[in-house]
Amino acid sequence: MNQSLDSSYDCANASTDLPQLMARLELLQASGEHHQNTQDEINHLNNQIRFIQNKCDIPKES
C-alpha cells in the first residue's frame, strides 16, 4: 500500500488497498488505545479510505 495518495492513484489497486486499510483501521479502533499517535493514525487511515472511495467512485459501506 502506497502511504502517500495523490491524484495519480491507480484505482486498479483499490481492491487490494481498501481491505488492507479497513483491516488496519478496525484493528486500531478495537485496541481501545487513546494515545495521540493512535488517533492520528486512525484519522490518516480514514482519510486514505475516503480518498480512494471518492476518487474511484466506490460506495461507502453503511
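No hydrogens, no waters, no symmetry mates; every other heavy atom, side chains included, goes into these values. Because the structure is a prediction, the values reported are computed rather than measured.
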Suppose we screen for side-chain hydrogen bond (donor to acceptor under 3.5 Å, both in side chains). Which residues come up paired with S7, at least two apart in sequence or across chains? none
In Å, rounded to the nearest 0.5 Å, how long is the span from CD of Q53 to CG of L18? 6.0 Å
Could you state the interatomic distance from CG (L27) to CE (M22), rounded to the nearest 0.5 Å? 15.0 Å
Applying disulfide (SG to SG under 2.5 Å), which residue pairs with at least one partner in residues 24-60 are found, sequence neighbours left out? C11-C56
What distance do L21 atom CG and H44 atom NE2 have between them, rounded to the nearest 0.5 Å? 8.0 Å
What's the spacing between I49 CD1 and N54 CG if we round to 0.5 Å? 12.0 Å
Tell me every residue that passes side-chain contact (heavy atoms from CB on, under 4.5 Å) with T38, counting only those two or more places apart in sequence or in another chain. L28, E33, H35, I42
Of all pairs that satisfy salt bridge (Lys or Arg N to Asp or Glu O under 4.0 Å), the ones with a partner from residues 37-55, not counting sequence neighbours: R24-E41
How would you list, by chain and number, every residue that makes a side-chain hydrogen bond (donor to acceptor under 3.5 Å, both in side chains) with D10, sequence neighbours excluded? none
With sequence neighbours left out, what residues match E26 under side-chain hydrogen bond (donor to acceptor under 3.5 Å, both in side chains)? none
Test of understanding: with side-chain hydrogen bond (donor to acceptor under 3.5 Å, both in side chains), list the residues that count as partners of D57, not counting sequence neighbours. none
Which atom of D6 lies closest to which atom of F51, heavy atoms considered: O-CZ, 3.1 Å
